[in-house]
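Convention: sequence-line order gives letters A, B, ...; per-chain numbering from 1.
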Amino acid sequence: MPKNKKPAGGRPAKNFDPSYAKKSKSKQHKRADASGSSRKPGSRSPGHRGYRPEEAEPKQRWSREEREAAGRSPRRSSSSRRDDRDGGGRYDRDDRPRRDDRDQRGSRGYDRDDRAPRRDDRDRRDSGRKYDRDDRAPRRDDRDQRGSRGYDRDDRAPRRDDRDRRDSGRRYDRDDRAPRRDDRDRDRSQRVAGRGYDHDDARKRDRDRGERPRRDHDDRRVAGRGYDRTDRDDRRGYDRTDRDDRRGYDRNDRPGFRESERRPSTYFPAKDDRAPYTPEDDVVLERLQAEAITADAVEGVTFADLGLGGNIVRSLRDLGAEHPFPIQAATIPVVLEGRDVLGRGRTGSGKTIAFGAPTVERLMQMWAAKGKAGEKRKLGRAPRALILAPTRELALQIDRTVQPIAQSVGLFTTQVYGGVPQGRQVGALQRGVDIVIGTPGRIEDLIEQRRLDLSEVEITVLDEADHMCDLGFLEPVQRILRRTREGGQKLLFSATLDTGVAALVDEFLVDPAVHEVAGEDQASGTIEHRVLVIRNDQKRDIVAQLAARPGKTLVFSRTRAFAEDLVEHLEDRGVFAVALHGDLNQARRTRNLQQLTSGKVDVLVATDVAARGIHVDDIDLVIQADAPDEYKTYLHRSGRTGRAGKRGVVVTLIPRGRHRRMTELLERAEIEAEFDEFARGDEFTIAAADASE
DNA sequence: AAAAAAT
């Protein structure tokens with residue numbers, strides 16, 4: 001256990017006195033009632049509700065004719081769409097996800113004989129494959145960038161056949177393993193349905209037929225109609241391939257380790273250890289006492305003024321960041337001082353650069369200070385910075401920003417997240433990287449396998465830090481932080497950073513500097529919020545109606561099953577849509593998100609996997625097909641639109657009975673929204689969002 | 001309920 005490094009006798013920073021973290025309704029109300037003089041920095045004036053500085057502009061109509069004139073429908077034929085989805089988008093991507101895609105195909109696309117290829121075989125074969133790869137973009141992977149891969153082969157994974165021999169025989173008698181997914185589903189269904197035995201049998205039959213296990217009736221009810229899911233899954237082809245992937249990628253790439261050396265997995269806790277899901281009260285925690293920077297304080301300031309070196313400044317310019325945003329101006333100098341930092345800036349305010357750029361700069365400075373600059377490229381060096389994110393897509397996205405910054409000064413990053421073969425990640429680590437960017441599960445996995453050593457990590461960043469403190473994330477995150485160098489710098493960022501992060505702050509941070517942007521919160525942006533009170537049986541039609549328009553739309557659903565259902569329904573209505581949720585394999589997740597980014601598709605239906613951090617340009621409509629349960633979720637989901645000063649609309653669909661709950665949630669979010677009764681076919685009119693920032 | 005490692 002790392003000891004808490006707070007000075008003896010020191011008391012916790014005021015913000016993180018555990019008593020502040022207590023969730024109490026009364027506190028919330030007190031805050032809401034607080035008079036202007038006592039309000040917390042960054043919170044809105046108590047009079048903000050109903051407050052609207054400018055008159056709304058005249059209503060803008062999205063009439064049926066306009067929608068049709070805009071050519072939403074008819075779209076491409078369904079068969080060509082299908083082909084397109086399977087084949088297209090694979091070879092014409094222009095950013096880094098392609099590499100993962102390739103890896104995944106590589107690991108399952110060839111040599112499926114039982115024995116996985118030996119590591120060196122694979123390398124040889126890989127290079128041989130280049131001949132018939134003319135149809136795709138040139139490879140661009142770490143090896144090529146580095147121009148050398150002379151890492152020491154002696155510490156490579158044991159050969160596969162050795163491993164197989166060792167593993168065989170113990171494969172079926174593991175009692176300490178975490179329950180398999182099916183088991184867990186079954187457990188849940190028994191709990192949920194209360195009479196799970198018949199589902200259980202059906203599920204087993206499905207499994208024996210090699211089909212997807214049945215969902216709970218519960219799910220089907222949510223989905224709205226009782227068709228046979230396995231049928232649909234086959235047609236959409238999304239589940240079978242997923243399962244093949246899940247099986248396939250590991251076989252080839254999993255390095256050997258003795259089963260007995262593993263700790264029992266706690267990553268997905270066994271049912272008995274796991275508290276049944278009980279939604280917590282959605283309460284507003286105390287906001288942080290923060291240094292507030294005002295937007296005009298940034299006038300004329302440059303990244304160089306903030307202490308960043310020339311190469312980094314240039315790389316930021318290449319990324320399109322000419323001048324620092326307020327949150328960046330506020331936090332970059334403090335990070336460079338080496339202090340722990342808590343940063344709060346609303347969605348889309350530039351947090352990635354706010355922590356990414358100074359992290360790189362500081363790594364360089366620390367190297368220079370130790371006179372070890374020459375060791376920058378030492379093979380097998382342990383990473384010195386770690387950036388944690390809650391989803392794979394976010395980790396990828398962060399890497400896309402941080403990687404070029406790091407590269408500008410000769411540092412390397414690598415992504416470490418699940419759902420893709422770990423081979424390349426491990427390879428990169430063996431060659432040596434400076435910044436690891438990833439998600440908790442795979443990072444822990446590689447630590448367990450002794451392939452990732454965090455003991456040299458000087459700087460740890462938690463993006464979406466408050467989310468990383470939620471149930472299910474907190475413990476892995478704590479375990480990971482304990483593996484980093486004691487006393488290392490910690491940076492916690494989120495748009496909704498509050499005292500919920502106290503558990504981490506108390507253990508890992510010393511006297512953190514807290515920064516936010518004055519007067520800037522979610523509600524002060526460029527987003528128009530609407531709530532439509534609808535009949536639930538019309539929900540899917542209404543989603544289709546709203547989404548049938550030019551422009552990118554992001555639809556949020558509470559469950560994966562409903563997300564799939566909505567995609568299906570949208571396509572029935574001629575609206576081409578793709579899904580993003582955890583039931584899809586990573587290649588598809590990456591591809592589907594990419595299709596929205598590239599504009600190949602205008603509608604993405606996602607679970608909350610897409611709620612936080614994901615940046616897609618020009619999403620101008622967010623539809624919440626299911627209302628969120630937490631105000632923070634509302635803020636993050638709606639933050640997918642209205643980014644960088646652009647305008648956006650958020651439409652939340654609720655049944656009549658949810659009116660009051662929704663009103664209260666919006667109150668907590670400090671968001672003003674208009675409620676309207678809405679029925680299928682009604683004309684949808686929106687007030688123009690205030691475009692002035 | 002979703003997400004986060006896999007088998």
Side-chain angles (χ1 to χ4, degrees), chain A residues 163 167-168 170-185 188 191-192 215-216 218-219 222 242-243 245-255 257 259 262-269 274-280 282 388-395 416-422 425-426 438-449 451-452 462 464 467-480 556-563 579-586 589 606-614 626-630 632-633 636-637:
Chain A
R163 270 180 284 143
D167 279 347
S168 64
R170 37 172 76 246
R171 188 161 288 161
Y172 299 103
D173 57 6
R174 286 185 243 143
D175 291 324
D176 56 338
R177 62 167 171 76
R180 287 164 40 174
R181 176 167 205 87
D182 300 342
D183 295 336
R184 280 184 289 123
D185 278 350
R188 190 171 59 227
R191 263 205 329 280
V192 169
R215 290 273 177 166
D216 300 337
D218 199 36
D219 279 349
V222 169
D242 290 350
R243 287 197 310 182
D245 287 349
R246 277 182 212 137
R247 275 204 301 272
Y249 68 84
D250 199 45
R251 286 281 157 81
N252 288 341
D253 259 303
R254 193 95 172 157
F257 57 86
E259 201 59 42
R262 306 203 70 186
R263 62 161 163 78
S265 167
T266 54
Y267 198 80
F268 295 116
R274 190 181 48 181
Y277 169 62
T278 43
E280 294 200 20
D282 181 34
L388 278 176
T391 65
R392 298 163 184 173
E393 282 73 17
L394 186 50
V416 176
Y417 58 80
V420 296
Q422 66 174 30
Q425 297 172 359
V426 169
T439 50
R442 177 62 64 86
I443 287 175
E444 278 208 285
D445 194 5
L446 294 190
I447 291 174
E448 294 277 318
Q449 298 174 28
R451 293 169 175 282
L452 174 57
L462 293 190
E464 305 297 344
H467 188 40
M468 300 295 257
C469 287
D470 283 349
L471 205 65
F473 267 127
L474 178 60
E475 291 192 8
V477 168
Q478 284 172 327
R479 285 194 298 263
I480 290 169
F556 281 105
S557 128
R558 194 179 59 108
T559 66
R560 304 159 174 189
F562 188 46
L580 180 64
H581 55 73
D583 264 353
L584 303 175
N585 68 41
Q586 190 55 39
R589 280 170 64 162
T607 59
D608 280 331
V609 68
R612 284 178 177 252
I614 301 305
D626 298 308
D629 289 323
E630 297 175 17
K632 282 189 187 181
T633 307
H636 285 282
R637 284 174 168 188

Distance, nearest 0.5 Å, that separates CZ of A:R558 from OG1 of A:T633: 12.0 Å
Contacts of A:R392 that satisfy side chain to side chain donor-acceptor pair (under 3.5 Å) - sequence neighbours left out: A:Q586
Below 4.0 angstrom from OP1 or OP2 of [N], is there any side-chain N or O of [X]?
X: A:R479; N: B:dA4; result: no
X: A:T439; N: B:dA3; result: no
X: A:R558; N: B:dA2; result: no

Sugar-phosphate, base or nothing in reach of A:R612, heavy atoms under 4.0 Å: nothing
Roughly, in whole Å, what's the span from [atom1] in [X] to [atom2] in [N]?
X: A:Q425; N: B:dA4; atom1: CD; atom2: C1'; answer: 14 Å
X: A:R589; N: B:dA4; atom1: CZ; atom2: P; answer: 4 Å
X: A:M468; N: B:dA4; atom1: CE; atom2: P; answer: 11 Å
X: A:L446; N: B:dA5; atom1: CG; atom2: P; answer: 10 Å
X: A:F562; N: B:dA2; atom1: CZ; atom2: P; answer: 13 Å
X: A:D608; N: B:dA3; atom1: CG; atom2: P; answer: 8 Å
X: A:R560; N: B:dA4; atom1: CZ; atom2: C1'; answer: 10 Å
X: A:D583; N: B:dA1; atom1: CG; atom2: P; answer: 13 Å

A:H636 and A:D608: CA distance, side-chain angles, deciding distance, side chain to side chain contact (heavy atoms under 4.5 Å, CB included) verdict: CA-CA 9 Å; A:H636 285 282; A:D608 280 331; over 6 Å; no
A:L446 and A:V426, any side-chain heavy atoms less than 4.5 Å apart: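 Yes; the side chains approach each other to less than 4.5 Å.
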